[in-house]
There are 2 protein chains.
Amino acid sequence: MATGRTHRPATRSRGIPEATVARLPLYLRALTALSERSVPTVSSEELAAAAGVNSAKLRKDFSYLGSYGTRGVGYDVEYLVYQISRELGLTQDWPVVIVGIGNLGAALAGYGGFASRGFRVAALIDADPAMTGRPVAGIPVQHSDDLEKIISEDGVSIGVIATPAGVAQQVCDRLVAAGVTSILNFAPTVLSVPDGVDVRKVDLSIELQILAFHEQRKAGEEAEAEAEAAAGVVAASAPGVGAAATPGRKGTDRKGPDGDVPAVMPA
Amino acid sequence: MATGRTHRPATRSRGIPEATVARLPLYLRALTALSERSVPTVSSEELAAAAGVNSAKLRKDFSYLGSYGTRGVGYDVEYLVYQISRELGLTQDWPVVIVGIGNLGAALAGYGGFASRGFRVAALIDADPAMTGRPVAGIPVQHSDDLEKIISEDGVSIGVIATPAGVAQQVCDRLVAAGVTSILNFAPTVLSVPDGVDVRKVDLSIELQILAFHEQRKAGEEAEAEAEAAAGVVAASAPGVGAAATPGRKGTDRKGPDGDVPAVMPA
DNA sequence: GGATGTGAAGTCGTTCACAGCG
DNA sequence: CGCTGTGAACGACTTCACATCC
């Protein structure tokens, strides 16, 4: 995915699996909640339940960090909060810029989850001159002409892109050129970046499409036998997804998985 | 396994790996762009580049759907758009409700990427009476008292939760009880749902935390040798992550991965 | 010739089950 | 005894490399 992790010959124990890293924030959240309730210790079983994973996975994950538990007892909540925070780099604070202050950008600017985790919104940047100077979530929007200056002056290394897809790559290039090395991309485009820069993407419509896939399968499960016949019907009533959609099929035979219908997307 | 099309086994709609399903929307997006430029065919190499994956993976992914390419030529763009759309269930339209019309909910309501993919925002729901009737993105907000009625009348099976974390589980329970079987959760909580209900979560702060992890590691890579000493320094200047962070670690020796420092969270 | 489709090999991640320790 | 920490089995996904077919 995003700039596949370097296949470093894994120096010593510095090889925490990606999958584990992705779950650390989850554990941290659960632990923080426990901490607020002044719970002193948790077992892997309890914590796993709170984080929504199974306990074997959790123990394995923690084993990559070190031996932070006590056999027969469990984990010290405060201590673990600190260790995970440190591992994630949250013990320092990260200035972040958000580029593209539309609906989504504005929502992100006001999102409380950032500040509470050591992320500080250092600047909001938008290309629209009409936005310049206007405060969003208490922070004045700056014009994108000043992007490079803002990045370097604040020592920003993390950028959030919430622009339209069409300009996302340019914005990305400028961010990278100015020194940003981690990007969170909300624009529905594939960004290409040089080695050493990490990109993570969040695509709202992709998530819905994945849900739709499973949803469709559920519907078909009740009528297993009818599935075969249904395939033909569905194709015939296809509404079309892309821009222009007008059925029409040339005579070639296409072979699907099995009883598939050879219909084609029209021009 | 049998070559080409089998009759009964494997290749039904079943058996498509999750990882593949998650990439189908990516391919679809790239294909749609090609379609708009009236490109008739693509090779796996070209399409893979456009989607940001490697070509072997793409071909393997497509092989789960069927044999939709032509050797020596590539894939028919229009045909593939249709096949993937159908596989994802996008040839039908999915009414969606968004619950929690704050900053984020409002941004989602206005997000163009939904409508363009066969998702229709059937209703916006919020618990605040002051919001009721007010139009957001052209759709009037309805009060959450009517949640059940809205779901059942519109036959909604997909719900988006954009409420504060505190009420997300209750909202989820009501959605499920009313018939929703797929949920996209933006609230930073683990939702528990009965079997048969799918939940996908999008957590903005988690993504940033993952980036921070890698960012921190990049910084440490340049000064490999200093890493050891740095751990102590970092700990000393830890700003504190949770709410109440009162460490107070007992004097026991804790062993980290390697030369870990047993320092503790400062007050 | 040229690109697909796919076994086989390789890598990564999860789960099991139990030894080890408090 | 209870719970962590972990080798080993297992399973899922990725990559390789090439036979296959247009």
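Just so we're on the same page: letters track the sequence lines, and every chain starts at 1. No experiment lies behind these values; they were computed from the predicted model shown.
Atom CZ in A:Phe62 sits roughly 17 Å away from atom P in C:dG13 (whole-Å rounding). A:Leu58 places its CG atom 15 Å from the C1' atom of C:dG13, with the value rounded to the nearest Å. Look at CD on A:Glu45: it is 13 Å from C1' on C:dT15, rounded to the nearest Å. Going from atom CD1 of A:Ile16 over to atom C1' of C:dC12 covers 16 Å, rounded to whole Å.
Distances shown here put every side-chain N or O of B:Thr70 at or beyond 4.0 Å from the OP1 or OP2 atom of C:dT4. Taking only side-chain nitrogens and oxygens, B:Tyr68 never comes nearer than 4.0 Å to OP1 or OP2 of C:dA3.
Shown here are the side chain to side chain donor-acceptor pair (under 3.5 Å) partners of B:Glu215, two or more places apart in sequence or in another chain: A:Thr181, A:Ser182, B:Lys218. In this view, B:Phe213 satisfies the ring pair (Phe, Tyr, Trp, His ring centres under 6.0 Å) rule with no residue, not counting sequence neighbours.
Proximity of the aromatic rings of B:Tyr68 and B:Tyr75 is defined here by a centroid distance below 6.0 angstrom, and this criterion is not met. A distance below 6.0 Å separates the ring centres of B:Phe114 and B:Tyr111.
Put simply, the side chain of A:Arg71 and the base of C:dG20 share a donor and an acceptor less than 3.5 Å apart.
Of the N and O atoms on the side chains of A:Gln83 and A:Tyr79, at least one donor lies less than 3.5 Å from an acceptor on the other residue.
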Report all interatomic pairs (protein N or O, nucleotide N or O of nucleotides 11-16 of chain D) with separations under 3.5 Å.
from   : atom 1 : to      : atom 2 : distance (Å)
D:dT14 : OP1    : B:Arg23 : NH1    : 2.9
D:dT14 : OP2    : B:Arg23 : NH1    : 3.4
D:dT14 : OP2    : B:Arg23 : NH2    : 2.8
D:dT15 : OP2    : B:Asn54 : ND2    : 2.6

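Sparse packing is recorded around CD of B:Glu45, with 12 or fewer heavy atoms of other residues, nucleotides or ligands lying under 6.0 Å away.
Among the protein residues, A:Tyr75 comes within range of the sugar-phosphate backbone only, with heavy atoms under 4.0 Å from sugar or phosphate atoms but none that close to a base.
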